[in-house]
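Taking it in order: structure first as structure tokens, then the write-up.
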Amino acid sequence: MTDLDKYREQIDETDSQIVQLFEKRMKLSEDVARYKIQSGRAVYDAKREKQKIDTVSGMADNAFNRMALKELFEQLMAVSRRRQYQLMTENGVPLPFSYRTLDKLYFHHARVVFQGVEGAYSFEAMKTFFDGSIETEHVRTWKEAMQKISGDEADYAVLPIENSTAGSVSDIYDLLLDYDNYIVGEQIIPIDHMLMALPGATMDSIKTVYSHPQALAQCRDFLNGHPGWEQIQVLNTAMAAEKVAREGRTDQAAIASRSAAECYGLQILQDSGLSKEQNSTRFVIISHNRAFVKDAQKISICFGLPHACGTLYNMLSHIVFNGLNMTKIESRPIPERPFEYRFFIDFEGNLADPAVRNALRGIEAEAGELKLLGNY
């Protein structure tokens, strides 16, 4: 046997002892969890954990081992907490927020508000998601839509939250925090930009083009081919079409959808090639009620974190450890707390799933603040 073989044999023996000690420690952690469940005490005790880590790392012989022990025991305690969160779920301890489960969303004669005007992509998303019995209303801003459902003036709102090429609509995330409203559904609409103008207008007669800033950006290459055209931003693509129709000038054009052209009687001057990238927009259906359908498969949450080493990793580890698939992450600065951030996370799952409940329980306990934005 070579010296290397001897060393490996000793490592194997040591690893075996470590496994036995680890399982003994986990058993003790389970006993601690049961005591905490009975007494109503919190699983996470940051002060106690820091004291423990400082003590064990201080036992090391050198600086490298002190750092290694700190990292080792941080992970060991994190694993212990996750097992304790599992035991809380297994013992029926409720989540730190209430919600209702529905068999389905009820749309019959529902009052639905959307931002923009008829012919907007949000209008298309609304007509696709809901049935024909709904009562509809449009508003100028996303904030107005959120206010409508918060004030019980509408049952649902349809708002854009993400475009496949332009990215997230960050203002919607801010509004989800400002109002006690929840995502209960989503609808993805392919975005197909077209250039339109009054009947009789030609490409040569156009001097001004109106559209939403995102649509103008997506059609940048096409518009750069017409440097003489002035580009003017408006709140919504359909509003651009409505403005062109209303003002009756053949030197104006809009970039909007085919349904907007049909709605306002405009002629399509070019229906392809405006945007090289095929893209879609994801719209979310918002309700004031924290009630979700029982077969929902996506969860959106938000939590705040200090700008410190390892904090985001610790939160995401709850999702990874429980075998959940994260599909999106966004960050937003917290205005009132410099150098701290809120993170918006989407992951697959249902609130009835034990793994989801374990992850949410851990994030809520350790992040300090957690808002459930929806299960849909």
Side-chain angles (χ1 to χ4, degrees), residues 105-163 166-189 191 193 196 210-216 232-247 254-266 280-291 300 332 344 373-374 376:
L105 296 175
Y106 294 94
F107 300 154
H108 194 58
H109 293 305
R111 301 165 298 170
V112 183
V113 61
F114 66 97
Q115 183 269 336
V117 293
E118 290 190 9
Y121 288 112
S122 56
F123 179 79
E124 286 192 38
M126 179 187 67
K127 300 299 278 187
T128 303
F129 187 85
F130 292 96
D131 62 31
S133 72
I134 61 171
E135 302 171 11
T136 66
E137 179 184 1
H138 64 88
V139 292
R140 286 184 53 82
T141 66
W142 298 322
K143 183 176 182 178
E144 288 178 72
M146 294 294 268
Q147 291 172 334
K148 288 280 185 180
I149 53 175
S150 289
D152 197 31
E153 297 178 63
D155 300 306
Y156 300 101
V158 180
L159 300 175
I161 199 168
E162 179 184 13
N163 180 269
S168 297
V169 185
S170 56
D171 289 349
I172 301 301
Y173 286 106
D174 292 338
L175 289 170
L176 284 168
L177 292 181
D178 292 341
Y179 293 88
D180 191 24
N181 300 326
Y182 302 91
I183 303 171
V184 296
E186 67 177 353
Q187 182 66 55
I188 297 175
I189 295 294
I191 303 302
H193 295 310
M196 57 197 69
Y210 298 93
S211 196
H212 184 273
Q214 194 173 86
L216 293 172
I232 299 180
Q233 300 179 358
V234 294
L235 286 175
N236 186 279
T237 55
M239 287 181 179
E242 187 272 338
K243 176 180 176 65
V244 169
R246 172 169 41 84
E247 295 188 355
I255 293 176
S257 67
R258 183 179 297 276
S259 63
E262 294 171 351
C263 184
Y264 297 105
L266 297 179
S280 301
T281 295
R282 181 166 70 101
F283 292 84
V284 287
I285 314 304
I286 308 291
S287 170
H288 187 55
N289 298 316
R290 192 190 287 173
S300 294
R332 296 283 289 161
F344 296 83
L373 301 177
Y376 49 99

Exercise. What distance separates Asp174 CG from Trp142 CH2, expressed to the nearest 0.5 Å?
Worked result: 11.0 Å
For this session: Using only heavy-atom distances, determine whether the side chains of Ser150 and Asp180 contain a donor-acceptor pair under 3.5 Å.
Result: no
Exercise. Could you state the interatomic distance from SG (Cys263) to CZ (Phe123), rounded to the nearest 0.5 Å?
Worked result: 6.5 Å
For this session: Could you please spell out the steps behind the side chain to side chain contact (heavy atoms under 4.5 Å, CB included) verdict for Thr128 and Phe283?
Result: CA-CA 11 Å; Thr128 303; Phe283 292 84; over 6 Å; no
Exercise. Any idea which heavy atoms bring Thr237 and Ala215 closest together, and the distance?
Worked result: CG2-CB, 3.9 Å
Exercise. Parallel, tilted or perpendicular: which fits the ring planes of His193 and Tyr121, with parallel below 30° and perpendicular above 60°?
Worked result: perpendicular
Exercise. In Å and rounded to the nearest 0.5 Å, what is the CD1 to CG distance from Ile149 to Asn181?
Worked result: 4.0 Å
Exercise. Which atom pair, heavy atoms only, marks the closest approach of Ala256 to Ala238?
Worked result: CB-N, 4.5 Å
For this session: Look at the aromatic rings of Tyr173 and Phe344 and report parallel, tilted or perpendicular, splitting at 30° and 60°.
Result: tilted
Exercise. Quick one: salt bridge (Lys or Arg N to Asp or Glu O under 4.0 Å) pairs with a partner in residues 107-125, sequence neighbours left out?
Worked result: Arg111-Asp152, Arg111-Asp155
Seminar exercise, completed: Taking every heavy atom of Met146 against every heavy atom of Leu159, the minimum-distance pair comes out as SD-CD1, 3.6 Å
Exercise. Between Val112 and Ile285, is any pair of side-chain heavy atoms under 4.5 Å apart?
Worked result: no
Problem set entry | Sole candidate of Ile189, Thr281, Asp171 that passes side-chain contact (heavy atoms from CB on, under 4.5 Å) when paired with Pro160 | Thr281
For this session: Take Ser287 and Tyr182 through the test side chain to side chain contact (heavy atoms under 4.5 Å, CB included) and record every step on the way to the result.
Result: CA-CA 5 Å; Ser287 170; Tyr182 302 91; 5.8 Å; no
Exercise. Does the pair Tyr179 and Gln147 meet the rule for a side chain to side chain contact (heavy atoms under 4.5 Å, CB included), with working shown?
Worked result: CA-CA 8 Å; Tyr179 293 88; Gln147 291 172 334; 3.2 Å; yes
Problem set entry | Side-chain heavy-atom pair Ile134, Tyr156 within 4.5 angstrom cut-off | no
Exercise. From Lys127 NZ over to Gln187 CD, what is the distance, rounded to the nearest 0.5 angstrom?
Worked result: 13.5 Å
For this session: Count the heavy atoms belonging to other residues, nucleotides or ligands that lie under 6.0 Å from NZ of Lys243, then report whether that count exceeds 12.
Result: yes
Seminar exercise, completed: NE2 (His288) and CD (Glu153) are apart, to the nearest 0.5 Å, by 12.0 Å
Exercise. For Val158 and Ser122, which heavy atoms make the closest approach, and how far apart are they?
Worked result: CG1-O, 3.8 Å
Exercise. Taking the six-membered ring for Trp, are Phe107 and Phe130 parallel (under 30°), tilted (30 to 60°) or perpendicular (over 60°)?
Worked result: perpendicular
For this session: Step by step, work out the side chain to side chain contact (heavy atoms under 4.5 Å, CB included) result for Gln115 and Leu235.
Result: CA-CA 9 Å; Gln115 183 269 336; Leu235 286 175; 4.2 Å; yes
Problem set entry | Distance, nearest 0.5 Å, that separates CG of Leu175 from CD of Glu144 | 11.5 Å
Seminar exercise, completed: For Asn236 and Gly116 the tightest heavy-atom approach is ND2-CA, 3.7 Å
For this session: Of all the heavy-atom pairs spanning Tyr376 and Gly185, show the shortest one and how long it is.
Result: CB-N, 3.5 Å
Seminar exercise, completed: Sorted by chain and residue number, the side-chain hydrogen bond (donor to acceptor under 3.5 Å, both in side chains) partners of Ser168 (sequence neighbours excluded) come out as Lys328, Glu330
